[in-house]
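Remarks on the structure that follows.
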Amino acid sequence: MTEEQNIQTPIIELNGVTKEYSSKKNFLSKGETNIIALNNISLAIQKKEIFGLVGQSGSGKTTIGRLLVKLEEPTKGIIKLNGKPTNKLKGKALKHYRSKVQMIFQDPYQSLNPHLSIAETIIEPLVVNKIGNALTRRDKVLETLEIAGLSPGEDFFHRYPHQLSGGQRQRVAVARAIILDPDFIVADEPTSMLDATIAIQLFQLLLDIRKKFKMTFLFITHNLAAARYLCDRIAVIHNGVIVETGSADKVIKDPQHPYTKKLILAQPGFNFKN
Amino acid sequence: CQKKEEEALLKIGLPEEPKSFNVWLASDSNSRKILSQIYQPLYTRDPKTLKIIPWLAQKDPVFNKEELSYTIKLRPAKWSDGTDFTSDDVVFTRKLFLDFQIPGYASKWKVIKKLDVIDEHTLIFYLKEPSAIFLSRVLTTPIVSKKEWEQIAANAKKTEKPLRTLQNHVIEKPLGTGPFMLAEYKKGAYVYMKKNPYFFGTGKKIGDYILGPYVDSILFKIYGTSDVAILALKKGDIDMFWWEIQPGYIKDLEAQPDIEVFLNEKNALYFLGFNLRKPPFDDKMLRQAIATLINKEFILTRILQNYGSPMHSIIPSGNTFWYNPDVRRYDVGQKDEDRFKTAHEMLKKAGYTWDKEPVISDNGIVEGQGIRLPDGKPMDNFVILTPPADYDPKRAFAGMMIQEWLRKIGMPAFARPMSFNSLLDRVKGKHDFDAFILGYGKLNLDPDYLRTFFDSKNDKPRGWNMSGYNNPDFDKIAKKQLSIIDEEERKKLIWEMQEILMEDIPYIPLYNPHILEAVSKKRFEGWVEEVDGIGNIWSLCMVKKNNGYSNNMDKGK
Amino acid sequence: MKKIEKKPEHRNHYIERFTKSWAIFIKNPMGKTGLIILSAFMLMAIASFFVPLLGPVYHPMTGADPNITYSTGPSLQHWLGTDFIGRDLFVQLLEGAKVAFIVGLSCAFISVVLGTAIGMISGYAGGIVDTILMRIADIFMVLPSLVILLILASLWELSIWVIIFIIAIMRWPSVSRIIRSQTLSLKSRPFIEASRVAGASNFRIIFKHIMPNVLPLAFLYMTFRVTSAILVEAALSFLGFGDPGQVSWGMMLQWVWSSGHMFQAPYWLLPPGICISLLTLSFYMLGRAMDEVLDPRLRKEEEEE
Amino acid sequence: MKTKKIIFNKLIEITILFFIILTVLFFLFRAAPGDPVSRMVDPTLTPEDIQLLIAQMGLDEPAWKQYIIYIKNFFSGNLGHSFHYGEPVSNIILDRMPCTILLFTTSTLLAAFAGVFLGKIAAWKKGSAIDNVLSIGALLCHTLFIPWFALLVLWAFAYKLGWFPLGGIISPELWINDTSFFIKMLDVLHHMFLPLLTLFFIHLGSYLLLMRSSMLGVLKEEYIITARAKGLSDKVIRNKHAARNAALPVITSVGLSLAFSINGGALTEQIFTWPGIGRELIFAVSNNDYPLAQACFLLITAVVLIANLIVDLLYAYMDPRISY
Amino acid sequence: MALLKVENLSVGYKSKKGMVNAVNNISFSIEQGRSLGFVGESGCGKTTIGMTLMGLLPENASILKGDIIFNGNNLASFNDEKWRAFRGKEISMIFQAAMNALNPVIRVDEQIAEVIQIHNPAMSKSDVSNQVKKIFSLVEIPEDRLRDFPHQYSGGMKQRAIIAMALACAPKLIIADEPTTALDVIVQDQILKEIKKIQKALNTSVIFISHDIAVVADVCKDICVMYGGHIVEKGTREEVFKSPRHPYTKTLLGSYLTLDSYEDINVPEIREAPDLITMTGGCRFSANCNCKSQKCQCQTPEWVNLSSTHQALCFEELLNKDKND
Ligand SMILES: Nc1ncnc2c1ncn2[C@@H]1O[C@H](COP(=O)(O)OP(=O)(O)OP(=O)(O)O)[C@@H](O)[C@H]1O
Ligand SMILES: Nc1ncnc2c1ncn2[C@@H]1O[C@H](COP(=O)(O)OP(=O)(O)OP(=O)(O)O)[C@@H](O)[C@H]1O
Ligand SMILES: [Mg+2]
Ligand SMILES: [Mg+2]
């Protein structure tokens with residue numbers, strides 16, 4: 001996995017991003033408890049790399065992902081796409097931003113609308129962004145399905161999520177994410193619900209896509225092994241703070257931060273291979 | 001407990017709880033039923049002859065034509081607490097009426113110019129003008145005790161809303177001169193009355209009756225629905241249900257050996273009224289045609305189940321003295337087809353046209369369509385307002401049938417039952433209506449109401465001339481009859497008024513239902529029937545324990 | 001191959017789902033019973049359009065038999081007998097079925113549409129909009145509906161449509177609460193977020209993603225609402241606040257009651273009461289059966305049994 | 001401390017709701033056609049008399065002025081005098097209240113307990129004959145047309161069989177003779193039985209069905225399997241682990257059904273001549289007795305609001321996951 | 001004698017489409033104090049085995065054939081009464097979804113005391129509560145958290161409470177069905193250590209179920225690899241993981257990512273899950289096996305003994321052919 005490092009502007013940049021959640025219930029009882037999910041995070045993701053984000057549960061991984069696709073706004077700090085600040089985007093600008101940044105969700109069973117056929121699900125980004133006409137859209141969907149490893153595409157066109165296995169659903173999610181040709185995709189633990197044999201196939205798919213379309217990925221996981229397999233660089237996050245960043249091999253072979261070490265130690269030691 | 005049973009306890013079912021024992025407030029019939037046993041007037045009507053006879057007064061008033069005065073001698077009566085009933089009480093009652101402008105009374109008592117007390121038991125009433133209704137309407141108002149009310153009135157007068165304060169004063173034990181007095185009232189459950197030991201009438205012969213009361217006490221029990229009350233009657237839980245019952249019960253009740261059903265004439269008026277203030281009903285011919293179309297026979301036999309009599313004048317035929325049998329009749333004895341033909345011709349003559357004229361052939365009637373007024377304008381849809389079926393199913397059904405009859409000739413009639421409040425608000429308050437069916441269940445026997453209902457002076461919001469009838473000739477006669485004291489002379493005028501009304505027909509009188517009541521024969525007998533049924537003070541003064549019958553029956557069970 | 005066949009396919013999906021649910025539904029004894037009873041009433045309602053054509057005597061409101069002047073029991077000419085003005089009770093019962101359907105279905109429809117719309121908006125929008133809408137719903141929930149109906153009924157002229165409208169107005173809050181909570185749980189589902197990430201507007205999300213998911217539930221509630229609407233209308237009529245110009249079962253009971261035939265004419269008293277119970281029962285059974293079709297937990301079990 | 005604050009907040013919320021409802025009602029009543037006097041069809045009343053009566057009732061003022069007066073009085077604890085009773089409304093209410101509470105709380109609670117108990121059994125034996133009988137019975141209860149049912153009950157048990165009195169709350173015959181308190185109490189219970197029975201059946205259906213479906217849901221939870229894995233007996237699992245959780249929705253429904261019981265109650269009270277609030281309310285509404293109707297209404301509203309608050313708290317107590 | 005001996009066990013679920021053969025003709029045994037791991041992908045029947053051993057199969061499931069001999073008793077013939085006395089005391093189970101396995105409205109200590117009470121009715125209240133405290137200290141939950149409600153616990157603590165519950169009556173066998181799947185790595189690590197420690201301390205036998213081979217390998221000495229309701233390979237963990245013989249085991253291992261290296265990762269073909277209803281004969285893995293042969297699809301493979309402890313369910317010639325590659 002040696003991609004030439006880009007010294008140009010990073011595709012995504014987080015500058016001192018903080019995210020707080022308040023448990024505000026209603027207008028009478030103002031919430032008092034503030035959860036600091038992210039604390040002053042700074043990150044830069046270069047073009048065409050797969051950037052891994054590892055950490056234990058509740059450390060704020062998903063929150064970063066959601067900030068990046070603008071499902072949430074940061075409390076403080078700036079997120080830049082291609083060097084341009086993106087805070088508080090609205091209307092057209094937001095749409096444009098979203099066509100550039102897509103997301104694959106963790107749970108394949110919940111991330112597809114059970115009432116929409118696969119074709120309808122995948123076509124939706126094209127429809128809402130008013131790209132192409134009915135015919136070209138159909139072709140595009142077919143093409144994307146094949147790319148996502150669901151071939152022949154026609155077979156899946158009119159199926160519904162409940163007629164697919166977990167792995168196939170996750171492929172549909174991938175297809176939906178890549179149909180707009182985004183520059184950047186957030187993949188939030190896309191395989192944590194899948195069996196190992198299926199997961200590895202999906203990893204392979206992501207790698208293929210990256211190669212083919214020169215897309216950039218943020219890969220969120222708690223599985224260090226997967227992160228090492230897939231990623232160029234890794235950031236380790238702990239309690240909303242990034243404790244260590246570096247190339248995947250380096251972070252795992254030679255962890256600096258005690259938390260990283262703890263994390264690595266906690267991985268069940270499987271020393272039967274080879 | 002055993003001993004009490006010996007006591008003659010009369011149990012009467014009421015459909016609802018009495019709301020108040022304050023005579024100035026109580027407007028619901030149940031409170032009045034109880035209060036009428038307590039507060040007594042100077043004169044009352046004999047149940048048989050319907051003549052005014054002395055009650056608290058000792059004899060007929062002495063009329064002085066020159067002075068326009070009535071001298072009245074009171075009986076030596078006592079209030080139920082044992083104090084004497086005197087002229088002062090009458091004077092006080094009058095003062096109370098006038099001071100507080102008590103609705104319904106003050107306006108009547110205004111006719112009195114002066115009231116002189118001669119002695120404890122003699123009074124002279126001086127009138128401002130001759131009044132035909134002085135005896136029947138003024139002297140029949142109940143007299144209250146000065147002792148009971150003086151302080152209350154004095155306090156009330158000081159307040160911002162004296163009348164309201166007076167009315168809101170909670171009276172727990174009303175003080176009266178009547179045959180019974182209130183012994184106990186348990187809210188929501190019962191009213192218990194005991195014989196008044198001081199009742200002036202006990203043992204006396206008034207009218208044709210030697211008055212009791214022959215029962216020791218009365219227990220009023222409450223039954224939320226007629227069905228339950230009738231079950232209670234059948235079961236013997238109550239001796240009488242003091243409420244009109246619907247014809248539906250009659251067959252069943254008549255079959256019961258222990259039950260006696262009373263059927264009496266009512267002095268009532270149920271009518272179809274029109275709004276004469278605007279088209280189309282400002283046209284007399286149209287009203288007459290409608291009167292012709294209405295099949296009173298049908299209403300009587302079906303809707304009233306034959307428990308009633310048809311009405312042909314505003315005054316019910318039972319009120320024989322004042323009733324004019326020779327007024328114009330519109331429908332008598334006609335078959336539906338004939339009625340239809342006559343009405344059709346009347347309308348044609350009056351200038352009404354149709355887009356498609358109704359025809360009557362051997363196969364029946366083909367409905368007309370698009371009726372036009374004499375001025376050529378199409379007749380707008382009009383609504384016949386009726387009370388809802390739960391309030392009075394008879395009127396609601398009558399409205400429905402009338403709608404059908406009118407439609408046959410092409411009139412766009414719509415019967416619309418609506419809640420009683422809204423109905424009155426529209427008809428009496430806002431005058432916003434076309435036609436309506438209403439009724440008076442209990443008219444006074446004195447026919448002065450003809451004036452009240454049709455005098456053009458009363459054509460104002462909340463006034464009683466709801467139709468907006470305006471006939472100067474009528475007004476003149478109406479005014480005149482009021483001051484004529486000679487009954488025969490007055491009768492002529494009253495008859496004339498009826499003729500005018502039935503010609504102009506602002507109201508079409510429809511029917512006069514009978515009042516149906518039922519009692520249990522098990523324990524008591526001797527109910528006195530009157531024009532408005534057996535629920536009256538005479539009955540309660542006269543019913544006695546029915547020994548032979550009741551004992552056997554009770555033991556048998 | 002290149003032809004777009006999306007539309008028919010789309011419909012097929014619903015047909016397929018419908019037939020599938022139908023299969024489960026019809027296997028449910030409760031659903032089956034409900035459906036049978038319901039069809040019987042439907043037949044009655046349909047018949048009510050034709051019976052008056054037999055002659056003026058068979059008009060439910062004005063068709064008084066000229067030969068009958070009091071309430072009679074069942075006979076050949078009048079299957080259930082007549083009321084006291086000689087109107088055919090069976091015809092009234094048929095008419096009542098029609099009215100019950102009209103009242104039940106339209107009340108349910110209005111209140112469910114309203115409740116669903118408000119519930120979705122409230123749940124999806126959240127914040128102050130949610131608070132306000134839900135407080136309003138609270139107010140409606142807290143008011144004793146029958147009494148409010150009484151007041152409103154005296155405010156407006158009583159016609160069947162006014163009554164339908166009033167009942168519907170009083171009945172939306174419980175629907176909207178349920179739809180709201182459903183929407184809340186849907187709102188944070190990844191597929192909604194995925195659609196947001198794809199750039200879909202709120203409008204599209206509500207109608208394309210949330211609505212199909214809450215519709216079955218809304219539909220289910222509709223059957224329950226039908227039940228309560230019919231009962232409320234009957235109660236209103238019985239209390240004398242119904243549309244007096246319209247025959248309905250409640251009205252029939254009101255008439256038998258107010259005319260003093262309550263315990264004298266079982267042929268008049270029993271049919272409307274039984275019909276009310278049976279029709280509401282059938283809708284209720286339908287709803288319960290549907291509930292089992294919709295509830296994935298129950299359905300799974302059904303499938304595997 | 002925190003709980004207190006939340007309760008305080010809830011109370012504020014309830015108060016705001018209460019006053020909104022009060023306002024809405026006030027104007028709703030004023031908007032209704034007619035007035036308390038228009039119903040008096042006594043031809044001896046002249047228009048002037050009527051005008052006087054209306055003025056004396058304070059109804060001649062514009063509605064907003066009446067409203068201000070009403071609010072002022074409300075805060076000084078004066079709910080006004082009933083137009084028809086002439087008594088202070090509070091007296092009437094204090095009179096009716098105990099009857100209503102006696103009947104409705106008893107019937108609701110009994111029905112809730114019975115519903116929970118039977119629903120539990122039905123769910124536990126899902127598909128068995130017992131379940132079918134209970135479910136169908138509950139369905140029938142649920143769809144009963146109340147007045148119809150009440151009258152039939154009355155006819156059968158009070159008239160035909162004669163076991164119970166024909167309505168009312170007491171036998172006047174007993175009470176006018178000074179009988180012992182004990183007998184009086186028995187008498188009230190005797191009168192209460194039929195309305196109680198009617199209301200009981202009306203409520204029973206919905207509670208049973210609710211409990212049944214809720215219990216069926218709970219029985220599928222993991223912790224039930226865990227409980228079985230522990231070797232607990234069926235009875236313990238059913239009563240301790242399943243029923244308690246399953247009863248939670250029933251509690252909510254009991255709170256909400258208080259509002260319903262006033263509705264269904266009015267009819268039942270009417271037929272059984274039970275001197276409760278519901279009957280009074282119907283009377284007041286149809287006779288335009290505004291002060292009385294408003295007060296009854298507000299009372300019901302307050303009861304329902306407070307009941308809901310209590311239910312919320314109870315819920316929090318029963319379900320530790322909800323923390324206030 | 002083995003503590004538990006399962007022979008030719010088949011379990012099926014009745015469904016609309018037919019009988020789901022969730023567990024098919026499996027045999028295994030476990031000695032006192034040993035640990036046995038079941039590994040396999042989702043839906044291969046792991047939980048079904050656990051539930052069968054607990055007598056907790058849902059109504060639509062039935063044991064089609066086979067014997068389960070535990071300590072000399074045949075569990076397959078138990079009635080309800082016997083099961084109740086048995087469960088929790090002799091065998092207990094730690095469930096997959098720990099988050100929902102505790103009753104939310106009952107305090108944790110009571111839920112544990114309950115087990116002790118029911119199986120030791122004679123025990124006094126204070127003894128029970130002492131016992132509860134002892135067990136809590138064993139799973140390292142602080143004593144002051146005893147009277148909490150489950151929702152006040154974190155995921156790890158809940159899982160510990162569940163373990164405590166399983167341990168309460170010192171059963172001879174504990175079945176742990178994916179006890180750590182829902183937990184994150186660090187907590188998982190702690191829990192696994194806990195289980196190992198306790199097993200050693202109490203000398204209980206453990207059946208450990210997981211889809212994560214590393215976790216199973218961490219805890220268990222003996223391994224059964226499952227596929228589509230069959231046990232396809234069994235042996236000690238060294239045998240199974242160091243020298244896997246069954247093609248499925250190989251695939252599984254091949255797609256497992258480790259921290260150390262990923263050179264030997266082979267991405268398997270896209271596969272279909274076996275249809276447990278229609279598949280009756282033949283090797284269930286045949287559709288996805290790269291050593292396909294006609295035989296695999298119609299003929300049921302047999303157990304091939306590779307060592308005294310190591311066996312694979314395949315055709316001998318194929319195994320050998322594979323070895324020759
Ligand atoms: N909408 C929200 N409201 C309040 N707190 C939130 C919200 N979303 C997340 N949090 C909190 O923010 C923190 C970080 O959450 P996040 O979902 O980003 O963790 P994660 O690393 O993705 O965990 P996991 O591995 O379990 O998915 C957690 O403590 C979580 O409780
Ligand atoms: N109650 C049931 N009714 C019908 N089929 C069932 C039932 N429970 C499980 N199954 C089926 O039996 C098979 C085995 O299920 P089981 O739960 O034992 O798998 P598992 O190995 O535990 O899977 P996972 O790793 O997902 O927990 C699956 O195909 C499943 O669909
Ligand atoms: Mg996450
Ligand atoms: Mg499992």
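For the numbers below, each heavy atom of this structure counts, side chains included, while hydrogens, waters and symmetry mates do not. Every chain is numbered from 1, with letters handed out A, B, ... down the list of sequences.
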When the 4.5 angstrom heavy-atom criterion is applied to B/Tyr223 and chain D, the contacting part is both
For B/Phe453, which atoms come within 4.5 Å of any heavy atom of chain D: side chain, backbone, both, or neither?
side chain
If we define contacts as heavy-atom pairs under 4.5 Å, which of D/Gly58, D/Pro275, D/Pro172, D/Gly276 has the most with chain B?
D/Pro172
What part of D/Ser171 gets closer than 4.5 Å to chain B, counting heavy atoms only: side chain, backbone, both or neither?
neither
For the candidates B/Lys108, B/Lys11, B/Glu184, which exhibits the highest count of non-hydrogen atom pairs separated by less than 4.5 Å from chain D?
B/Lys11
Please round to the nearest 0.5 Å and tell me the distance separating atom CD of B/Glu17 and atom CD of D/Glu280.
7.0 Å
Checked D/Arg279, D/Gln51, D/Arg96 vs chain B; the most non-hydrogen pairs under 4.5 Å come from D/Arg96
Take a 6.0 Å sphere around NZ of D/Lys184 and say whether it holds more than 12 heavy atoms from other residues, nucleotides or ligands.
yes
Out of curiosity, D/His84 NE2 to B/Leu25 CG, how far, rounded to the nearest 0.5 Å?
8.5 Å
Pick from B/Leu163, B/Val170, B/Asp28 with the largest number of heavy-atom pairs that fall under 4.5 Å of chain D:
B/Leu163
Less than 4.5 Å apart, any side-chain heavy atom of D/Glu173 and any of B/Tyr192?
no
Which heavy atom of D/Ile169 sits nearest a heavy atom of B/Ala189, and at what distance?
CG2-CB, 4.5 Å
Assess whether atom NZ of D/Lys65 is packed by more than 12 heavy atoms of other residues, nucleotides or ligands within 6.0 Å.
no
For residues 148-155 of chain D, give me every residue with a non-hydrogen atom less than 4.5 Å from any non-hydrogen atom of chain B.
D/Leu151, D/Leu154, D/Trp155
What heavy-atom pair brings D/Leu52 and B/Phe100 nearest, and what distance separates the two atoms?
CD2-O, 4.1 Å
Please say whether the positively charged group of B/Lys187, taken as NZ for Lys or CZ for Arg, lies over the ring of D/Tyr85, i.e. under 6.0 angstrom from the six-membered ring centre and within 45 degrees of the axis.
no
The interface call for D/Ile271 against chain B, heavy-atom contacts under 4.5 Å, is both
Could you check B/Lys161 against D/Glu61 for salt bridge (charged side-chain N to carboxylate O under 4.0 Å, His left out), going step by step and ending with a plain yes or no?
CA-CA 14 Å; B/Lys161 300 206 156 141; D/Glu61 307 268 10; 5.4 Å; no
Which atoms of B/Asn22 come close to chain D, meaning under 4.5 Å heavy atom to heavy atom: side chain ones, backbone ones, both, or neither?
neither
State plainly whether the residues B/Lys110 and D/Glu48 are in salt-bridge range, i.e. N to O under 4.0 Å.
no
How many angstroms lie between atom CG of D/Leu166 and atom CD1 of B/Ile230, to the nearest 0.5 angstrom?
11.5 Å
Tell me which of these, B/Thr452, B/Thr225, B/Asp227, B/Leu219, has more heavy-atom pairs under 4.5 Å with chain D than the rest.
B/Leu219
Quick one: pull up NE2 in B/His169 and CD in D/Glu87 and give me the separation to the nearest 0.5 Å.
11.0 Å
Counting heavy-atom pairs under 4.5 Å to chain D, which of B/Leu231, B/Asn458, B/Asp448 comes out on top?
B/Leu231
Options B/Val191, B/Asp425, B/Ile222, B/Asn168, ranked by heavy-atom pairs under 4.5 Å with chain D, top entry
B/Asn168
Would you say B/Lys234's side chain and D/Tyr159's backbone share a donor-acceptor pair under 3.5 angstrom?
no
Is D/Phe283 close to chain B through its backbone or its side chain, or both, or neither, when contacts mean heavy atoms under 4.5 Å?
side chain
Please determine which of D/Thr46, D/Asp49, D/Ile50, D/Leu45 meets the side-chain contact (heavy atoms from CB on, under 4.5 Å) test together with B/Arg462.
D/Ile50
Do D/Met57 and B/Gln167 touch side chain to side chain, with heavy atoms closer than 4.5 Å?
no
If you measure from CG on D/Asn287 to NZ on B/Lys19, what distance do you get to the nearest 0.5 Å?
7.5 Å
Please report the closest heavy-atom contact between B/Pro461 and D/Pro47, naming both atoms and the distance.
O-CB, 4.1 Å
